[in-house]
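Here the structure comes first, spelled out in structure tokens, and everything after it is commentary.
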Amino acid sequence: MQQIILIVSAIALGLLFGNLTGGLTFSSAVCLVAGIFLVTPSLFKFHLADFAILKNNMPSVYKNLWINYLLITAIALLIGYASQDIGIAAAIFLLALLPGGGMVMMWIKQSGANVKLGFIIFMLNLALLLPITIIFGLFDNLASGFFPTPDLTIPEHMQGGGKKIMPFAPFMILVVIPFLLSRIILKFFPKLVAFTGKHQPLISKATMFGIVLYLFSLSTAQLLFQVELMDLFKAIIATAVFYSVVFFIAEKLTDKTPNGKAVYWHIATRYITLALILAVFSVEQYGATFILPIMIAYFIQIGFAGFLSKRQIAAMDKAKTT
């Protein structure tokens with residue numbers, strides 16, 4: 001509950017600030033902050049030799065691939081089509097293509113999952129950003145005939161400025177840099193490792209609060225106030241249905257072993273921060289409704305991820321006492 005209140009407060013303050021000031025412009029530094037403070041601490045117990053565990057864990061890797069990139073993406077396309085709004089459909093499709101996320105390693109660690117396997121899957125999903133970007137880039141042309149023509153009238157100060165996100169940039173910022181940084185800290189700053197381990201929950205919460213506050217302070221986030229109530233309602237329904245299906249699949253198709261939990265969190269969560277970043281630069285293509293499901297995803301995912309994590313921790317504690 002505390003985490004939900006924290007995130008909702010960050011969202012409300014960000015929207016209020018953006019509404020009063022016109023909003024901030026986007027900086028990719030937010031990804032670097034997420035990589036340093038959310039990913040790096042999870043890697044202190046990870047070593048290159050741990051890649052050897054892949055030999056005995058390929059079924060978990062295959063499960064991550066077919067569930068996320070075949071089953072969930074197919075369901076997302078159906079939900080998007082049912083909305084009859086190409087902006088909402090594109091956003092749900094993008095969420096489906098981006099499993100895991102900057103906070104997934106925190107959930108994995110807290111729930112007693114296999115952290116080493118979880119990070120390898122995390123890297124694999126990020127390494128797929130290049131084909132994912134290409135696939136998503138085709139969505140507009142392939143899907144346009146199935147939806148009514150969207151309203152593409154976006155105020156100039158809320159547009160993405162025509163910038164492009166390089167597919168390898170998130171991989172470098174969220175995997176390579178945190179990994180190299182963790183090696184340096186492990187070798188030269190052992191006291192920092194101990195300090196981080198002791199205060200990790202506080203560091204994670206403060207980082208999440210800052211990132212969410214910033215993202216919802218962006219000028220693009222103010223598109224929330226530009227849409228019709230019916231469009232907002234459709235986006236809420238579509239996003240809620242999508243997450244309901246995702247959580248159901250995660251529960252039914254994974255087990256409660258450490259390996260199963262590592263796969264579970266990469267199914268149950270989406271990379272909403274990266275999705276929102278990509279949405280900032282694609283909103284002119286799909287209209288104002290494109291950003292709605294991704295913004296709504298923050299409310300759903302943060303709340304339910306906290307609940308699911310507590311439930312897994314409680315089950316773990318119960319198993320130890322029996």
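Only this structure's heavy atoms are used, side chains among them; waters, hydrogens and symmetry mates stay out.
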- Taking the side chain as every heavy atom from C-beta outward, state whether Tyr81 and Leu77 have any atom pair closer than 4.5 Å. no

- Message: Under a 4.0 Å threshold between the charged nitrogen and the carboxylate oxygen, would Lys256 count as salt-bridged to Glu251?
- Response: yes

- Query: Are Phe209 and Leu13 close enough that some pair of their side-chain heavy atoms sits under 4.5 Å apart?
  - Reply: yes

- Message: Among residues at least two apart in sequence or on other chains, which ones pass side-chain contact (heavy atoms from CB on, under 4.5 Å) with Lys109?
- Response: Val115

- Which class fits the ring pair Phe179 and Phe119: parallel under 30°, tilted 30 to 60°, perpendicular over 60°? parallel

- Message: With a 6.0 Å cut-off (strictly less than), is the heavy-atom count around CZ of Phe248, excluding the residue itself, greater than 12?
- Response: no

Check: residues 210-218 side-chain donor-acceptor pairs under 3.5 Å, at least two apart:
residue	atom	partner	partner atom	Å
Tyr214	OH	Thr25	O	3.1
Tyr214	OH	Ser27	N	2.6
Ser217	OG	Leu213	O	2.6

- Who pairs with Leu181 by side-chain contact (heavy atoms from CB on, under 4.5 Å), at least two apart in sequence or on another chain? Ile36, Thr40, Ile185

- Item | Nearest-0.5 Å distance, CG of residue Leu71 to CD1 of residue Ile249 | 4.0 Å

- Task: Identify the heavy atoms of Ile53 and Leu117 that sit nearest to each other, and give their distance.
- Result: CD1-N, 3.7 Å

- Do Ile88 and Lys234 come within less than 4.5 Å of each other through their side chains, counting heavy atoms only? yes

- Decide yes or no for Asn68 and Arg270: does some side-chain heavy atom of the first lie under 4.5 Å from some side-chain heavy atom of the second? yes

- Message: Can you confirm whether or not the ring centre of Phe247 sits under 6.0 Å from the ring centre of Phe304?
- Response: yes

- Item | pair Tyr271-Leu126: side-chain heavy atoms closer than 4.5 Å | yes

- Query: Does a sphere of radius 6.0 Å around CE in Met172 hold more than 12 heavy atoms from other residues, nucleotides or ligands, not counting ones at 6.0 Å or beyond?
  - Reply: no

- Scan for side-chain hydrogen bond (donor to acceptor under 3.5 Å, both in side chains) pairs involving residues 172-186, sequence neighbours excluded, and state none if there are none. none

- Task: Show your reasoning for whether side-chain contact (heavy atoms from CB on, under 4.5 Å) applies to Leu276 and Tyr298.
- Result: CA-CA 10 Å; Leu276 186 55; Tyr298 271 91; 4.0 Å; yes

- Message: Donor-acceptor pair, distance only, cut-off 3.5 Å: does the side chain of Gln84 make one with the backbone of Phe146?
- Response: yes

- List the steps, then state whether side-chain contact (heavy atoms from CB on, under 4.5 Å) holds for Leu128 with Leu65. CA-CA 10 Å; Leu128 292 173; Leu65 292 174; 3.9 Å; yes

- Query: Do other residues, nucleotides or ligands put more than 12 heavy atoms under 6.0 Å from the CE atom of Met58?
  - Reply: yes

- Task: Report the C-alpha distance between Asn125 and His266 in whole Å, list the side-chain angles of each, state the deciding distance to 0.1 Å, and finish with yes or no for side-chain contact (heavy atoms from CB on, under 4.5 Å).
- Result: CA-CA 9 Å; Asn125 289 337; His266 283 286; 3.6 Å; yes

- Mark yes when over 12 heavy atoms from residues, nucleotides or ligands other than Phe139 sit less than 6.0 Å from its CZ; otherwise mark no. yes

- Item | Within residues 121-137 or reaching into it, pairs that qualify as salt bridge (charged side-chain N to carboxylate O under 4.0 Å, His left out) - sequence neighbours excluded | none

- Query: Is Leu142 isolated, or which residues cluster with it under the ILVMFWY side-chain rule of less than 4.5 Å, directly or via members?
  - Reply: Leu138

